[in-house]
Amino acid sequence: MQKNNLMEKIVSLCKRRGFIFPSSEIYGGLSSSWDYGPLGAELKRNVKSAWWNAVVHSRDDLVGLDASILMHAQTWKASGHTDNFHDVLVDCKNCKKRFRKDHIGETCPSCGANDFTEGRAFNLMFRTHLGAVEDDGGLVYLRPETAQGIFVNFNNVLDATHRRLPFGIAQIGKSFRNEITPGNFTFRMREFEQMEIEYFTRPQEAEECYRTWIKDRFQWYIDLGIKKENLRVREHPKGELAHYAQGCSDIEYQFPFGWSELEGIANRTDFDLKQHAQFSGADLRYHDQITMEKIFPYVIEPSGGVDRATLAFLVDAYDEEEVEGRTRVVLRLGKELAPIKVAVLPLLKKNSDIVTLAKQIKKDLQKNFVCVYDDTAAIGKLYRRQDEVGTFYCVTVDVQSLEDRQVTVRERDTMRQDRIPVENLKKYLSDKLF
Ligand code: GAP
């Protein structure tokens, strides 16, 4: 498949077919904000469910959490975000454009001049106020990461679940960063969703745990269908690490705009719990009831983005092939991720018996699968529509079906068609899809 203009094709498909729309479009849009449409909402839910199933439901050592977006302002003092979570900005004195200092070289990327203002620190956290009075007493931030909600609930989760080390807490939720240079569609936004794990372990086991999490998280993307050649792990050199971190690796995906971070996995030592213990006065040590030891556990943090993962799955699944002299666009999403599993299509919408049977079949199948019914075009066009949104199976009801109670089931990738008795249809699809 031609990789030219792949990003443009994805953005256009997303808009046209209802995966992702520009936000507030009727008002001219809002820079770098995007809305997930009917199919995008399904796809994103599937990405989050696949993650939750893999890291919470399929394991014995993790539990979930859903903490609030607004947190006590001291949280961000303790985490370091109030003082350190900023980018340095400069203005070009010639064209007046503003840039992140670390994103530009000697000359202005816009006009080529080499005359900038002094760098100024710009904190990336969105500020707001609790209650009616906008004074500093009520100042709070929209969380810039979900991770801190986990640390501040460390004791609550321990008390409620009686976990022993090693164990982890997983969370999915919105985060907000006033990014200076958002862009590349949903890759970098100001409002986005994260899927984060804090995995608590004894210090002497932390290194092995860190390595295992890198492998597990890499494999998750492969299991959901990302091509191995489009994924890599980039280990940060020592000089790039935060002062408290003992290791950090990014899982990167080869996007059309280059290799870029999908997820980071860090060995954060005992920094976060110690910071919160110091700032809050709470005892956040882990107390082992059997050995009676009290320690600050180390934490391994696999931290991924829902929107970035969703974008990578879309890009990786996009395919074009020549079929009988025409280009067929097909989204080869995996079974777990495809927004629609089955489309039921009547061959003739003027024949009311065909329509009735097709609707009955859809009603029955939707108890088990995400299904759609579509009769708004000729069958060739209906197939192409389903292919380009990744629908796994199309079930077609025709005149013959009224006599022999059989329907045609067409598989997305091979376009192979089988005649299946209506009474066996659910079992046939379940065997293929689950
Ligand atoms: N708690 C660690 C943390 O937040 P991060 O590398 O800043 O680490 C983790 O963010 C992940 O969140 C990234 O790998 C990315 O997938 C996602 N992410 C971060 N900023 C984002 C943004 N502006 N837009 C979309 N996703 C973002």
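Owing to the predicted nature of the structure, the values given are computational and were not obtained by experimental measurement. Atoms within a ligand are numbered from 1 in the order they appear, just like the ligands themselves.
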Nearest non-hydrogen protein atom to atom 8 (O) of ligand 1, with distance, is Ser303 OG, 3.7 Å
Would Gly305 count as a polar contact of ligand 1, with the cut-off being nitrogen or oxygen pairs under 3.5 Å? yes
For Glu145, the atoms of ligand 1 under 4.0 Å from one of its heavy atoms are 1 (N), 2 (C), 3 (C), 4 (O)
Which residue and heavy atom of the protein sit nearest atom 18 (N) of ligand 1, plus the separation: Phe192 CE1, 3.6 Å
Are Phe154 and His276 an aromatic pair by the rule of ring centers under 6.0 Å? no
Are the side chains of Ser303 and Gln194 in touch, meaning some heavy atoms are under 4.5 Å apart? yes
Quick one: which ligand 1 atoms are inside 4.0 Å of a heavy atom on Glu301? 1 (N), 2 (C)
Does the side chain of Tyr318 pick up a donor-acceptor pair with the side chain of Glu320 at under 3.5 Å? yes
Does a donor on one side chain sit under 3.5 Å from an acceptor on the other, for Lys44 and Thr310? no
Which residue holds the protein heavy atom closest to atom 15 (C) of ligand 1, what is that atom called, and what is the gap in Å? Arg308 NH1, 3.4 Å
Is any N or O atom of Glu196, backbone or side chain, closer than 3.5 Å to an N or O atom of ligand 1? yes
Test of understanding: given a 4.0 Å heavy-atom threshold, classify the contact between Arg188 and ligand 1 as side chain, backbone, both, or neither. both
Does the ring center of Phe257 lie less than 6.0 Å from the ring center of Phe255? yes
Going by the atom numbers of ligand 1, which of them fall below 4.0 Å from some non-hydrogen atom of Glu261? 6 (O), 13 (C), 14 (O)
Any chance the side chains of Asp307 and Tyr36 put a donor and an acceptor closer than 3.5 Å? yes
By the ring-ring contact (aromatic ring centres under 6.0 Å, His included) test, which pairs, at least two apart or in different chains, include something from residues 10-29? none
Heavy atom under 4.0 Å from ligand 1: found in Asp250's side chain, backbone, both, or neither? neither
Shortest protein contact, atom 24 (N) of ligand 1 (heavy atom only): Met189 N, 2.9 Å
Mark up the atoms of ligand 1 that fall under 4.0 Å of a heavy atom belonging to Ala147, in ascending order. 1 (N)
Criterion ring pair (Phe, Tyr, Trp, His ring centres under 6.0 Å) against Phe369, the qualifying member of Phe392, Tyr393, Phe434: Phe434
Are Phe126 and Leu124 side-chain neighbours, meaning at least one heavy-atom pair lies under 4.5 Å? no
Shortest protein heavy-atom distance from atom 25 (C) of ligand 1, along with the residue and atom involved: Phe187 O, 3.2 Å
Distance-only donor-acceptor check, side chains Thr82 and Tyr141, under 3.5 Å: no
Could you check whether Asp159 and Asn156, counting side-chain N and O atoms only, form a donor-acceptor pair closer than 3.5 Å? no
Just to confirm my output: which protein heavy-atom neighbour is closest to atom 12 (O) of ligand 1, and how far is it? Gln194 NE2, 3.2 Å
Measuring from non-hydrogen atoms of Asp307 to any atom of ligand 1, is the shortest distance under 4.0 Å? no
Using heavy atoms and a threshold below 4.0 Å, how should the contact between Arg190 and ligand 1 be classified: side chain, backbone, both, or neither? neither
Give me the residue, atom name and distance of the protein heavy atom closest to atom 7 (O) of ligand 1. Arg177 NH1, 2.8 Å
